[in-house]
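Here the structure is laid out as structure tokens; the discussion comes afterwards.
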Amino acid sequence: MAADARASRREFETLLEPILGPLHATAVRLARNRTDAEDLVQEAVMKAWKSFATFERGTNFKAWCFRILTNTFISGKRSDKRTIKAAPLLEGSDVADDLSQESFSADEWNRIYPSLVDDDVKRALDELPDEFRVPVLLSSLGDLSYKEMASALEVPIGTIMSRIFRGRERLRAALKDYARERGIVLAPTPGRES
Amino acid sequence: MRCPEARSFLHPFLDGELEVDTNVNVLRHLDLCASCRERFEDERRLLARVKTGLAEPCPEPLKMRIFDALAAEERAASRGAGRIITWPRLAAAAAVFVVAFAWVDPICLRGCPTVRALTREHHSAAGEQLSESEAVERAREVLGRDRVVCERMGDGSWCCREARSCDGGGCVVRFSCKKRGTISFVKLPGSDVHPWLSYRAGEGLIVTRQDGCRFAGWRENDCLYGLVADESLPPEQLVALASRLRVEK
């Protein structure tokens, strides 16, 4: 019995170790505070360990852990009485309009990219409201599919798509602003539709 | 496929969420349309930059804390599987001890003109298997406080503390429990006793925890009082603060 428990823990630790970095990085951006982030990661890992028997071998362990991390974060927020506010869905035509407005040209990108530092990215992400920040984070660091995010956040897939799109567009706009603050001249992006 | 439609698939395309047929149609459009290709490439670069910008390793102390907690859970599970309840074991399990110390959020410590962060903690013994409400009830009784917060430790015991906040300019002091098994003791020259039980403020004994934080405090009437702060606060300042707290107390 003890040998089984030890083997199970070793298996869990082997799967866990490579994803602790992304889990922690995500928690830091979710909690916006390192102390809370560490508590969040530890709580999520212990929950994952307690339900490890239900984890289907061969499926995506990383996505499974990220789902638990997200649920832990959200339930913590709910107990704080600060629920994630619903964001309005974006219509298809709005998506296309916005996409044509905020993109960088190759030349602009080449000027912005060297000036960007990791803190810019973190700052831009931290400034996003939760409803955008969470899906953007989960898609960037967690490898969660839209379906898995929809399930974790208890919203329809269309809402996830809309939030990912809007979150990334806000990120882009913020990074552009930071570049402007540094004196990089960016021309207004021309319409590009053919 | 025309540009607006192709661009509406931008994110699902980059996230690998499109059905095969749609994916092929988007790829065909990108072959023909330079401006959409540029737009898609731009987004791909942005996402890659976001991913690298957010990446950071898990701190070693946290990793150790997690693996320690997992090992403790495993030991508890193994013990539980073949447990024979004996009276001496029950008696040992019923023994409780009270320690007291405060976690001062380092941010608060820097911004807070007056540190009043003394609190007491009550630990139930591992193996007692109390429910949260039982732990809260007992902690209220032992600590003599109504506002009590209990936290489950990796070994199944409960760590309960008085819920208080810093009164210095509205900043928040966060009290946290000593997580048993996550503290490393540093014995300083001249000390011949265990610092956890023997520290007296002003003598320069400081406990460095595995998470890099330092604890300075003193033992009094079976309680341990003190402060925890991160390494940005110089040890002598931490000791001075602990001494001040002792005097104020």
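Order of the sequence lines fixes the chain letters, A, B, ..., with proteins taken first and strands second; residue numbering starts at 1 for each chain.
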Would you compute the distance between atom [atom1] of [X] and atom [atom2] of [Y] and round it to the nearest 0.5 angstrom?
{"X": "A:His24", "Y": "B:Leu62", "atom1": "NE2", "atom2": "CG", "value": "6.0 Å"}
{"X": "A:Ile160", "Y": "B:His11", "atom1": "CD1", "atom2": "NE2", "value": "14.0 Å"}
{"X": "B:Leu70", "Y": "A:Met46", "atom1": "CG", "atom2": "CE", "value": "4.5 Å"}
{"X": "A:Tyr146", "Y": "B:Asp15", "atom1": "OH", "atom2": "CG", "value": "3.5 Å"}
{"X": "B:Arg65", "Y": "A:Gln42", "atom1": "CZ", "atom2": "CD", "value": "4.5 Å"}
{"X": "A:Lys122", "Y": "B:Leu54", "atom1": "NZ", "atom2": "CG", "value": "7.5 Å"}

Sorted by first residue and then second, give each ring pair (Phe, Tyr, Trp, His ring centres under 6.0 Å) pair with at least one member in residues 37-69 of chain B; sequence neighbours left out.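 Listed by first then second residue: B:Phe13-B:Phe40.
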Residues B:Arg49, A:Asp120: salt bridge by 4.0 Å N-O rule: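 No salt bridge links B:Arg49 with A:Asp120.
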B:Lys63 with A:Glu13: basic N within carboxylate O range, under 4.0 Å: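 Answer for the salt bridge query: no.
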Taking atom CZ of A:Arg10 as the centre, report whether more than 12 heavy atoms of other residues, nucleotides or ligands fall under 6.0 Å from it.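 Counting other residues, nucleotides and ligands, CZ of A:Arg10 stays at 12 neighbours or fewer.
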Tell me which of these, B:Ala55, B:Pro12, B:Pro57, has more heavy-atom pairs under 4.5 Å with chain A than the rest.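 Of the candidates given, the most pairs with chain A belong to B:Pro12.
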Heavy-atom proximity to chain A below 4.5 Å, by part of B:Glu17: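 For B:Glu17, the side chain is the part near chain A, not the backbone.
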Holding to salt bridge (Lys or Arg N to Asp or Glu O under 4.0 Å), I want the full list of residues that pass it with B:Glu134, two or more places apart in sequence or in another chain.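 B:Glu134 satisfies salt bridge (Lys or Arg N to Asp or Glu O under 4.0 Å) with no other residue.
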Top residue by heavy-atom pair count (under 4.5 Å) with chain B, among A:Lys147, A:Glu17, A:Glu43?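 So the answer, after comparing A:Lys147, A:Glu17, A:Glu43, is A:Glu17.
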Would you call [X] and [Y] a side-chain contact if the rule is heavy atoms closer than 4.5 Å?
{"X": "B:Pro59", "Y": "A:Arg34", "result": "no"}
{"X": "B:Lys51", "Y": "A:Val121", "result": "no"}
{"X": "A:Arg172", "Y": "B:Glu43", "result": "yes"}

